[in-house]
Every structure is written in structure tokens, then in C-alpha cells.
There are 2 protein chains.
Amino acid sequence: MSMELAEAKQKFIEAWGKLGSEWGINRTMAQVHALLLVSPEALTTEEIMDALSISRGNANMTLRDLIGWGLVEKQHRAGERKEYFFADKDTWNIAKQVAKERRKRELDPVIKILDELSGVKGDAKDPEYLTFHKSVTDINKLAKNVDKTLDTMIKAEENWFWGSIVKMFR
Amino acid sequence: MSMELAEAKQKFIEAWGKLGSEWGINRTMAQVHALLLVSPEALTTEEIMDALSISRGNANMTLRDLIGWGLVEKQHRAGERKEYFFADKDTWNIAKQVAKERRKRELDPVIKILDELSGVKGDAKDPEYLTFHKSVTDINKLAKNVDKTLDTMIKAEENWFWGSIVKMFR
DNA sequence: TTTAACTTTCAAAATATACTGAAAGTTTAA
DNA sequence: TTAAACTTTCAGTATATTTTGAAAGTTAAA
């Protein structure tokens, strides 16, 4: 027995929403994104509200956020007042865009604080200080490695990036 | 003017808590973890409650979760009833542990659903179906690449792993 | 201009998540 | 055993986040 397309879309939207919420992205935002990802045509606010049973206000704010993340764009059509919303379907672009934004919004500010805390001086005989200093500098190094890797990813082509990763298995 | 150790610790705990909450980890849990990371000695529930101004119940649940994530362990001392809690200070172990758990809890279930949805058959002339199928299979491929990379990371030594990544820059 | 179509805003309500604290449970030393 | 020392549980409360919907704002065709 095979799954209906409509049912499959619904499952996809739910799964994407759940994953998003587990990773600090608002569930509705992830669901709207998922809906647009499986829509060949751009959708209106009205259609999105309908498909996901959400309010106009919620749809509007969520779409604005998605545009802010660089994942969705507005389209307008000649002779129509309505705005249409369309999602970039290129998965690698999506991944890069999300990596880019989260790096900027969350990782970079933390690295700034870690740099500052790494510089805190103290008594080299004090275990309290030594433990603090070691943990902070180690985490700082790790965070910078992640940062550099994300930077590479953001600038990279998909095939090259995963190709290089795959070489690590050899 | 240099920062006090106590103030620096506080900043670290706050920064770690904020980062955690942005990445789907409970703020208190991240803060308890941070507190233990900068403590040379294992701490009691009482000391943790005091340091972070949290209740006994909260401390207990949070510590249990941290143990479940493999980031903290209980210690007991001869002749004492109290339990002491100690965090692994090896940053690479921490990163691997977090990667391992999130992969198991969140990524793997999504890949399972994507595998299922990738198999949904439909009309090759229907743009609705084609768009759905392309998005789902593309995301599935990406998720599997991430999965494989995390697997490599989990099994790897830090120097080898970042060394291989660094080679990507050359 | 007007006005209808459409978008945006935001205070209030709903929901989801996290926390408290006291009571119940457990353990171990005596 | 007892009982003090300690841990765990969980119903109720508090807090944080998300959502609603109606009013205000904007736009463009007539």
C-alpha cells in the first residue's frame, strides 16, 4: 500500500517542523519553509495560512523571518496586488545559508566572549583559575575550528566539500 | 583593569547557557555543565543549587540529564553519604558526546522518515510530485552526508579530525 | 482623491517549557 | 531496626515563547 502524495507532504512538513524545534528554530517557521520546499509554485499568504492552519499575523511574521534567513523570497506578478512567496529549492544553498546565519548570530558572539575570557589572568598556583583557564581556552579553540570549517563550507561547492570530507574516510 | 575570576566564571556560565538555549539545550542544563567545567573539584547538589540559585528538584533533574548525555558523572567519597558531580573536562570528548547523542536522538529519526518519503511513488508528469520528490531526496542525501561525517568525528581523534579538515583549505 | 485589496503590527490570549518545594522514597551508619 | 542524611518525584506555579485577530497602515488602480 503506497502513501498518498498529500499524506507524504504532511509527514515531511511535520518532520521538518520537529527537527527545527529541536535545533532552536521555531516550529512554524520550519513548517512554512517545508511547505514552500515542496511547492513547485510560489504561494500566497492566504494559501500558507490555509495549508498550515495558522493566523495571518503568524504567517506574515514567519515569512518575514524566512526572508531574513535568506531562505525565501517574495515574488510579485504583473497586474496582481498579492505577494507570492517562493523557497530556494537548492539544498546545498539552504544548508550554507543556515550555517552562515547561525554562525553570525550565535557562534561569533560566543567566540568574542571566549576570546575575552581566555585573556583573564590569574594565579598559576590556583586550581580554580587553572581549571577555568583550561576549559575556556580549549572550548575557544574548538569553537574557532568549527568557525573556520563553516567558513569553508559557506564558500564551497557541494561536491568539493563532501568530496573532501569523504577523503577523510580513506 | 582586569576581570575577577569570579566574574569571568559568571560570564562563562551565562554565555554557555545562552548558546545552549539557542541550540535547543535547556539553559539551566548548559549552565550546570559550565559550572562543573570550571570546577576543579566535583560539586554536591547543594553547592550547585547555591551557585546557580536553582531548586533542589531542578538541580537533581538537570544533573540526571547531564549524566544521560554522558557529560557528567557521579562520584562518591568514602565515609560520605553525599553524591558529588564531576564533568569531563576534555573538550573533544564533550563535542563527540554531544554529536553522538543528537545524532541518535534527532538526526537518525529524521533520516528514517526521509528514507520512507523518498520512496513514495507518483506521477512523473506532476510538478507537485516532482518538486516534493526532488526536495526530499536532496535533503535526504545531505542528511546522510552529515550523518556520515558525525560518525567519522565520533570515532576520530581530535588532531586527526581537524588536521583533515584543515587540509581542505589548501 | 477614493476605496478596495492587501500587508503589517502588536496587545492580549494560548500554549509550551521550565522550576519549585514539600512530601515520599532510599540508603547506610550505628 | 531506627533515624538521620540524603535523593527523587511530581503537582502546582511561574516564566517564556508562540499565536491570534482585529485594527492600523499601505498601495495602486480607477
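Just so we're on the same page: letters track the sequence lines, and every chain starts at 1.
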Mind listing the residues from residues 13-31 of chain A sitting with a heavy atom below 4.0 Å of DNA chain D? Number order is fine. A/Asn26, A/Thr28

Listed by chain and number, what are the ring pair (Phe, Tyr, Trp, His ring centres under 6.0 Å) partners of A/Phe161, not counting sequence neighbours? A/Trp92

Within the structure, does a side-chain N or O atom of B/Lys82 lie under 4.0 Å from either OP1 or OP2 of C/dT27? no

Side-chain donor-acceptor distances from residues 130-141 of chain B under 3.5 Å, at least two apart:
{"residue": "B/Thr131", "atom": "OG1", "partner": "B/Pro127", "partner atom": "O", "Å": "2.8"}
{"residue": "B/His133", "atom": "NE2", "partner": "B/Ser118", "partner atom": "O", "Å": "3.3"}
{"residue": "B/Lys134", "atom": "NZ", "partner": "B/Asp138", "partner atom": "OD2", "Å": "2.6"}
{"residue": "B/Ser135", "atom": "OG", "partner": "A/Leu37", "partner atom": "O", "Å": "2.8"}
{"residue": "B/Ser135", "atom": "OG", "partner": "B/Thr131", "partner atom": "O", "Å": "3.4"}
{"residue": "B/Thr137", "atom": "OG1", "partner": "B/His133", "partner atom": "O", "Å": "2.8"}
{"residue": "B/Thr137", "atom": "OG1", "partner": "B/Lys134", "partner atom": "O", "Å": "3.2"}
{"residue": "B/Asn140", "atom": "ND2", "partner": "B/Asp115", "partner atom": "OD1", "Å": "3.0"}
{"residue": "B/Asn140", "atom": "ND2", "partner": "B/Ser118", "partner atom": "OG", "Å": "3.1"}

Nearest-nucleotide pick for B/Glu83, side chain only, options being C/dT20, C/dT7, D/dT7: D/dT7

5' to 3', nucleotides 21-30 of chain D under a 4.0 Å protein heavy-atom cut-off (B base, S sugar-phosphate only, - none) gives B-----BS--

Return the set of residues passing salt bridge (Lys or Arg N to Asp or Glu O under 4.0 Å) with A/Lys11 (not counting sequence neighbours), or none when no residue passes. B/Glu116

Residue list, side chain to side chain donor-acceptor pair (under 3.5 Å) with A/Arg103, at least two apart or on another chain: A/Asp147, A/Asp151

Applying side chain to side chain donor-acceptor pair (under 3.5 Å), name anything that partners B/Lys125, two or more places apart in sequence or on another chain. none

Salt bridge A/Glu22-A/Lys18, side-chain N to carboxylate O under 4.0 Å: yes

Scan for salt bridge (Lys or Arg N to Asp or Glu O under 4.0 Å) pairs involving residues 48-59 of chain A, sequence neighbours excluded, and state none if there are none. A/Glu46-A/Arg56

Write out all pairs satisfying salt bridge (Lys or Arg N to Asp or Glu O under 4.0 Å) with one or both partners inside residues 70-93 of chain B, taking only residues at least two apart or from two chains. B/Lys74-B/Glu83

Can you see if the side chain of A/Asn60 gets near the phosphate of C/dT8 - specifically, an N or O under 4.0 Å from OP1 or OP2? yes

